[in-house]
Colleague: 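First the structure, which I've put down as structure tokens, then a few questions once you've had a look.
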Protein chains: 2
Amino acid sequence: MKENKLSIKDIARLAGVSVATVSRVINQNGRFSKETERKVLDIIEQYNYRPNELARGLRVHKAQVIGVIVPDITNEFFAHIVKKIENELIKKGYMAIICDTNDEVELEGEYIEMLKALQIGGIIYVSGDQKIKPIENIPAVYIDRQPNFADSQHFAAFIGSDNRQGGYIATKRLLEAGKKKIAIVLQNKAIATQEYRLNGYIQALKEAGQAYDESLVRRVDFVNEEQGYQATRYIYEEIHDVDGIFYSSDRLAVGGLKFFYDRKISVPEQIAVIGFDDIPQCTQVIPNLTTVHQHYMEFGELAADTIIRMIHSDTGYSKHILPVELVERETV
Amino acid sequence: MKENKLSIKDIARLAGVSVATVSRVINQNGRFSKETERKVLDIIEQYNYRPNELARGLRVHKAQVIGVIVPDITNEFFAHIVKKIENELIKKGYMAIICDTNDEVELEGEYIEMLKALQIGGIIYVSGDQKIKPIENIPAVYIDRQPNFADSQHFAAFIGSDNRQGGYIATKRLLEAGKKKIAIVLQNKAIATQEYRLNGYIQALKEAGQAYDESLVRRVDFVNEEQGYQATRYIYEEIHDVDGIFYSSDRLAVGGLKFFYDRKISVPEQIAVIGFDDIPQCTQVIPNLTTVHQHYMEFGELAADTIIRMIHSDTGYSKHILPVELVERETV
DNA sequence: GTGAAAGCGCTAACAT
DNA sequence: ATGTTAGCGCTTTCAC
């Protein structure tokens with residue numbers, strides 16, 4: 001394993017200038033002539049030189065790397081967000097370290113420690129735990145779930161959807177379809193997004209003159225099809241006459257659809273279903289899932305953009321609440 | 001538990017020893033007494049010190065970071081592999097930089113350059129392009145697709161499935177179900193996996209006394225449901241009497257199922273379908289997809305393990321071919 | 001068993 | 001406009 005890598009010193013020698021000059025043209029810091037620039041750039045090109053990022057990072061106390069914390073990359077919703085973040089970051093010369101926490105808070109802590117040791121420039125939290133402590137001295141943007149402290153702290157930005165509105169329009173749609181007893185299934189965690197959606201649900205009910213019945217809310221530990229299936233089974237078997245269900249995630253709703261298929265219950269005739277997120281899978285299930293669309297593709301883009309701006313200190317705290325939209329398909 | 005950044009110098013001062021000694025106990029390089037060890041470890045614990053990975057990496061010419069190149073993280077198959085790799089790597093103290101190439105070879109090159117600049121310790125290629133050049137001086141493990149040079153090169157390992165066998169058992173199963181005219185849909189790239197599966201298909205046909213008919217193979221540019229849908233439509237409308245289709249990916253097959261549903265063609269009665277990979281989605285579609293199971297969960301684990309061993313020079317070239325299994329469900 | 005000191009490859013302050 | 005040089009925080013000889 002030969003180490004024939006060139007250093008800035010070699011380039012300086014080859015170009016007949018000092019390392020400082022080479023560094024200046026690489027970083028375009030001015031104070032060099034057009035002529036030297038060409039000379040240096042030529043050598044760099046010719047030898048295919050790339051500065052050692054580790055050395056640079058060590059010197060400037062910051063790596064061109066962003067940590068991305070995500071609860072589960074196999075969830076299509078998160079996968080798309082992460083992919084967007086990553087693709088956007090690379091354009092700006094940054095790399096992304098993806099940290100899949102399996103929804104375990106302890107793992108999250110360990111990841112943060114390692115990221116800090118790597119001197120990362122910033123952190124993007126995709127749907128992280130609500131109760132995390134702020135990370136000192138490191139710019140952070142939170143997607144989907146806003147941590148409790150984020151309002152006040154510097155170096156923290158938030159990007160998310162109008163979840164209350166989402167819960168509201170979903171429920172209202174079910175009501176308009178003539179459904180009388182609407183259940184809701186949520187994730188069983190202290191997550192503000194879930195409570196906002198619940199609030200929207202409650203408000204829609206109230207406007208329709210229905211009282212909020214707590215026995216109609218079912219919570220699951222994890223967001224996946226299996227849990228959606230089980231929750232639906234519970235609702236169907238233990239609560240009677242439910243004719244509409246609002247799921248706080250498409251994956252959950254897909255599980256529900258499976259249950260209704262197995263039991264030969266017709267959707268939306270006997271029971272109407274509505275999801276949340278609008279993942280591609282919505283149009284692959286049968287019947288196609290009616291859902292609340294989140295602009296999650298924009299989450300990633302916005303997050304990448306924001307974190308870079310924060311690193312360059314072009315901006316401090318910011319907050320983006322994106323609108324949601326009902327997308328009509330076949331389950332209501 | 002102060003969060004201010006301490007350096008090894010501070011720890012040395014606090015513990016009343018030299019930086020060399022601190023470094024020795026951190027890396028457990030011996031040549032220190034039990035007593036000093038305790039002292040140093042106490043201080044480290046007390047101040048919650050973590051060595052700067054950038055400095056360490058610069059010094060040893062290698063970061064505790066592995067690059068992971070993957071064509072599309074939103075493909076559940078890849079997402080699971082990547083997640084496993086990542087979770088396994090973290091246990092060994094390594095971080096993973098995920099590089100989603102969108103199946104674009106040019107992007108792949110750019111990623112490699114950046115990874116090299118970061119002095120990564122190794123690269124794991126998940127289903128990368130077949131025609132990539134070997135990466136010099138960096139251990140690499142290739143999952144799923146074996147590059148053309150990998151046989152010979154040092155520092156390259158391969159992990160994949162017995163694809164020929166997969167194509168063979170899938171086709172044979174279709175034949176056993178009494179299907180007479182079996183089409184195959186593959187990815188339209190110079191990928192050995194695809195050709196192996198095709199070979200298995202051809203062999204099964206031959207054993208059944210059927211001639212290989214090239215008009216029965218349909219190729220798609222990308223592996224997603226939409227392309228599966230289109231390919232299926234083509235097969236159905238342009239080729240007559242096809243009563244079985246073998247898709248080289250579950251995602252493609254899922255798209256096919258959608259097409260048959262839309263056209264009210266009953267599966268498996270009128271046409272039988274079989275996929276490849278065995279992603280979780282197989283049991284969420286209706287009818288549940290019969291498929292060829294790849295042990296892809298083990299891919300990730302094996303890859304993480306192998307790359308670390310290669311970095312420690314415990315092993316050179318290696319090759320793991322995992323068996324595949326037919327999993328019977330409802331589409332044949 | 002322990003410490004002093006020389007870098008790793010780079011940037012930036014300070015000269016010139 | 002360009003060069004010299006002092007570190008960034010760490011590992012690793014080489015002395016003792």
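All values derive from a computational prediction rather than experimental measurement. Residue numbers start from 1 in every chain, and the chains themselves are labelled A, B, ... in the order their sequence lines are given, proteins ahead of strands.
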Colleague: Figure out the CZ/C1' separation between B:Arg50 and D:dG9, and round it to whole Å.
Modeller: 15 Å
Colleague: Within the 4.5 Å heavy-atom criterion, are B:Ile73 and A:Ile98 side-chain neighbours or not?
Modeller: no
Colleague: Whether the side chain of B:Glu113 engages the backbone of B:Glu110 through a donor-acceptor N/O pair (distance < 3.5 Å, no angle test) should be reported.
Modeller: no
Colleague: Which whole-number value in Å describes the distance from B:Lys62 NZ to D:dT11 C1'?
Modeller: 15 Å
Colleague: Is B:Arg13 salt-bridged to B:Asp10, cutoff N-O under 4.0 Å?
Modeller: yes
Colleague: With nearest nucleotides of DNA chain C determined for A:Ile8 and B:Gly16 from heavy-atom distances, which residue corresponds to the more 5′ nucleotide?
Modeller: B:Gly16
Colleague: Distance check needed: D:dC10 C1' versus A:Gln119 CD, whole Å only.
Modeller: 11 Å
Colleague: Is a donor from one side chain sitting under 3.5 angstrom from an acceptor on the other, for B:Arg145 and B:Ser127?
Modeller: yes
Colleague: How many Å lie between CG on B:Asn29 and C1' on C:dG3, as a whole number?
Modeller: 16 Å
Colleague: What integer distance in Å separates A:Leu54:CG from D:dC10:C1'?
Modeller: 11 Å
Colleague: Distance check needed: C:dG9 C1' versus A:Glu53 CD, whole Å only.
Modeller: 11 Å
Colleague: Just by distance, no angles: are the side chains of A:Thr101 and A:Glu108 close enough, under 3.5 Å, to form a donor-acceptor pair?
Modeller: no
Colleague: Between A:Tyr49 and C:dC10, is there a side-chain N or O to OP1/OP2 distance below 4.0 Å?
Modeller: yes
Colleague: Suppose we call two aromatic rings close when their centres sit under 6.0 Å apart. Are B:Tyr125 and B:Tyr142 close by that rule?
Modeller: yes
Colleague: Any luck finding a side-chain donor-acceptor pair between A:Asn102 and A:Asp72 under 3.5 Å?
Modeller: no
Colleague: Short of 4.0 Å, heavy atom to strand atom, which residues of residues 31-41 of chain B count as contacting DNA chain C?
Modeller: B:Arg31, B:Phe32, B:Ser33, B:Thr36
Colleague: According to side-chain contact (heavy atoms from CB on, under 4.5 Å), who are the partners of A:Lys92, at least two apart in sequence or on a separate chain?
Modeller: A:Glu88, A:Tyr94, A:Asp305, A:Ile308
Colleague: At under 4.0 Å between heavy atoms, what does B:Ser23 touch on the DNA or RNA strands: base, sugar-phosphate, or nothing?
Modeller: base
Colleague: Is the number of heavy atoms from other residues, nucleotides or ligands under 6.0 Å of B:Glu106 CD greater than 12?
Modeller: yes
Colleague: Rounded to whole Å, please give me the gap between CG in B:Leu6 and P in D:dC8.
Modeller: 14 Å
Colleague: What are the atom names and distances for every N/O pair under 3.5 Å that joins the protein to nucleotides 4-8 of chain C?
Modeller:
from, atom 1, to, atom 2, distance (Å)
C:dG7, N2, B:Arg59, NH1, 2.9
C:dG7, N3, B:Arg59, NH1, 3.4

Colleague: Report the distance from atom CZ of A:Arg13 to atom P of C:dG9, rounded to the nearest whole Å.
Modeller: 13 Å
